[in-house]
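Here's the structure we're looking at; comments come further down.
First listed ligand is number 1; within each ligand, the first listed atom is number 1. All figures in this text were calculated on a predicted structure; none of them were measured in a lab.
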Amino acid sequence: MSRRSAISWLPSALLAVATVAALIAVPRSQPVGEPVGATAHADHSVGAARVERIRTAPGPGQPPPGGKARPDARDVVLAVHGGAGAALDRETTTPAREKAYRDGLATALRAGQDVLDEGGSSVAAVAAAVRKLEDDPLFNAGKGAVFNADAGHELDASVMRGSDLAAGAVAGVRGLRNPVDGARLVMEKSKHVLLSGEGADDFGARHGLATVTQDYYWTQARWDALIRAKEAERGSKTAARSPEAAADEQSRGTVGAVAVDREGDVAAATSTGGMTNKLPGRIGDSPLIGAGTYAKNATAAVSATGAGEYFIRGAATSTVSALMEFKGLGVAAAAYEVVVERLPRLGGTGGVIALTRDGVFDAPHSSPGMLHGYLTEDGDVVTKIFPDESPANT
Ligand code: ASP
């Protein structure tokens, strides 16, 4: 039996280098006839060990998905994002870098697929997918997390289960190798929802999670980004660069996942190093249930990325759910309303990935780019990294 039929069938010190001064019930499906935007494309393979179909999105010249009520895809069981922000440019992105991004997203999707194929829960699937992205230095989560203003790293993560609204999160952790595991641990092994700082690190360590020192998170690219941010900060006093532009430049790389399992239960997870050059102690939307992450079987699983302060103020991910539940919107219309209409009115750009238990998926973003990908019940993987594959919704 296919996964889709099963779903409907079952009720389912670093370098403490002081020298750096320098996001009623809902209809179980979208309206009949609601078109799906993205279609199949050229095959790519990720690794020789596995023969698999990896599809990319439409190339230049092909019609974009478009339309605020149109989901990007149907029959999706898992989706991931690798952050919203300034778009990758086809002209200047080397083939090696393109491959690295697509492989990173596809590897995360395949890790989640393995869990789902074995009958694992959507929570386990999103955790597995996010863990892979945390381990990939290209993304701003776990290894490769951005730097705080003081050249340290403080990481945030959260997870939520759609069947019973159970949730867990960690904020400002400094030594967990995989903050998403800390978030899941808080959900499953504590009576709390959110642990922060040292308490979160200690809780994770006491339960056997892998710990690391701050230098583990270091990457040259993030270091260079910190230096650039410091320089821009100094320059902004004269150049008057908008905070939004600065945020877009800096925010790419947060990771997240949404999934639906054989029981028809949805889950969402999000993990981040936050924003480059953020003040120590700053906590973004990613670990906040209802802002960066939300999951409810009756509506959708949603993971956000973007300018966190706005996603907090706009209660981004829970608003997507509430618009579905109380206004009767489909997931695509609800996500569009939040990402393209509400948050930009506050001043915030970014995007979400959103998935219903029926496999309807959408990934609207108001930022120029949002790295993301999804896995269908048939095992197809689609990755989208360039704006012509996934145009910004404006
Ligand atoms: N939302 C994250 C934060 O504000 C950043 C991002 O998504 O890039 O911490």
Side-chain angles (χ1 to χ4, degrees), residues 23 80-88 101 104-105 130 133-134 136 138-142 144-149 152-158 169-174 179-180 183 194 196 217 221-222 225-226 229 243-258 268-294 302-320 335 338-339 343-344 346-354 363-372 385 392:
L23 179 129
V80 296
H81 71 74
L88 290 181
Y101 277 118
L105 295 170
V130 166
L133 293 165
E134 288 177 337
D136 186 331
L138 269 186
F139 299 97
N140 169 24
V146 299
F147 285 91
N148 287 349
H153 300 273
E154 292 173 347
L155 291 76
D156 303 335
S158 62
V170 293
V173 296
R174 297 175 57 84
V180 72
L194 172 61
S196 70
Y217 304 116
R222 298 302 183 195
L226 177 64
E244 197 179 318
D248 270 348
E249 275 171 32
Q250 295 170 21
S251 65
R252 190 192 298 146
T254 287
V255 307
V258 290
T270 309
S271 181
T272 189
M275 310 282 283
T276 295
N277 201 28
K278 70 185 193 284
L279 288 177
R282 179 266 190 186
I283 291 169
D285 59 318
S286 303
L288 302 185
I289 299 305
T293 300
Y294 202 74
V302 189
S303 171
T305 173
E309 278 68 15
Y310 301 98
F311 281 67
I312 296 171
R313 292 168 55 203
T317 54
S318 59
T319 300
V320 172
V338 169
V339 168
L343 293 176
L346 289 174
T349 60
V352 302
I353 54 172
H365 54 96
S366 60
S367 50
M370 183 170 76
L371 306 173
H372 66 282
I385 65 169

* To do: Begin with the C-alpha distance, continue with both residues' side-chain angles, and end with the deciding distance and a verdict on side chain to side chain contact (heavy atoms under 4.5 Å, CB included) for Tyr294 and Val320.
  => CA-CA 9 Å; Tyr294 202 74; Val320 172; over 6 Å; no
Which of the numbered atoms in ligand 1 are below 4.0 angstrom from a heavy atom of [X]?
X      : answer
Met275 : 4 (O), 5 (C)
Thr305 : 6 (C), 7 (O), 8 (O)
Thr254 : 2 (C), 5 (C), 6 (C), 7 (O), 8 (O)
Ser286 : 1 (N), 2 (C)

* Met370 contact mode with ligand 1 (heavy-atom cut-off under 4.0 Å) ->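 The answer is neither.
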Straight-line distance of [X] [atom1] to [Y] [atom2], nearest 0.5 Å:
X      : Y      : atom1 : atom2 : answer
His372 : Leu105 : NE2   : CG    : 9.0 Å
Leu371 : Leu133 : CG    : CG    : 10.0 Å
Arg282 : Glu309 : CZ    : CD    : 4.0 Å

So for ligand 1, is [X] a polar contact partner (N or O within less than 3.5 Å, distance only)?
X      : value
Thr272 : no
Gly306 : yes
Ala84  : no

* Classify the side-chain pair Thr270/Ser286 by whether it contains a donor and acceptor separated by less than 3.5 Å. =>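 Note: Thr270 and Ser286 side chains miss the donor-acceptor criterion.
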* Any side-chain donor paired with an acceptor under 3.5 Å for Thr254 and Thr272? ->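 Thr272 and Thr254 do have a side-chain donor-acceptor pair below 3.5 Å.
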* Sole residue of Val170, Ile289, Leu288 in side chain to side chain contact (heavy atoms under 4.5 Å, CB included) with Leu194 ->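 When side chain to side chain contact (heavy atoms under 4.5 Å, CB included) is applied between Leu194 and each of Val170, Ile289, Leu288, only Leu288 qualifies.
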* To do: Answer yes or no for Lys278: is there a heavy-atom contact with ligand 1 below 4.0 Å?
  => no
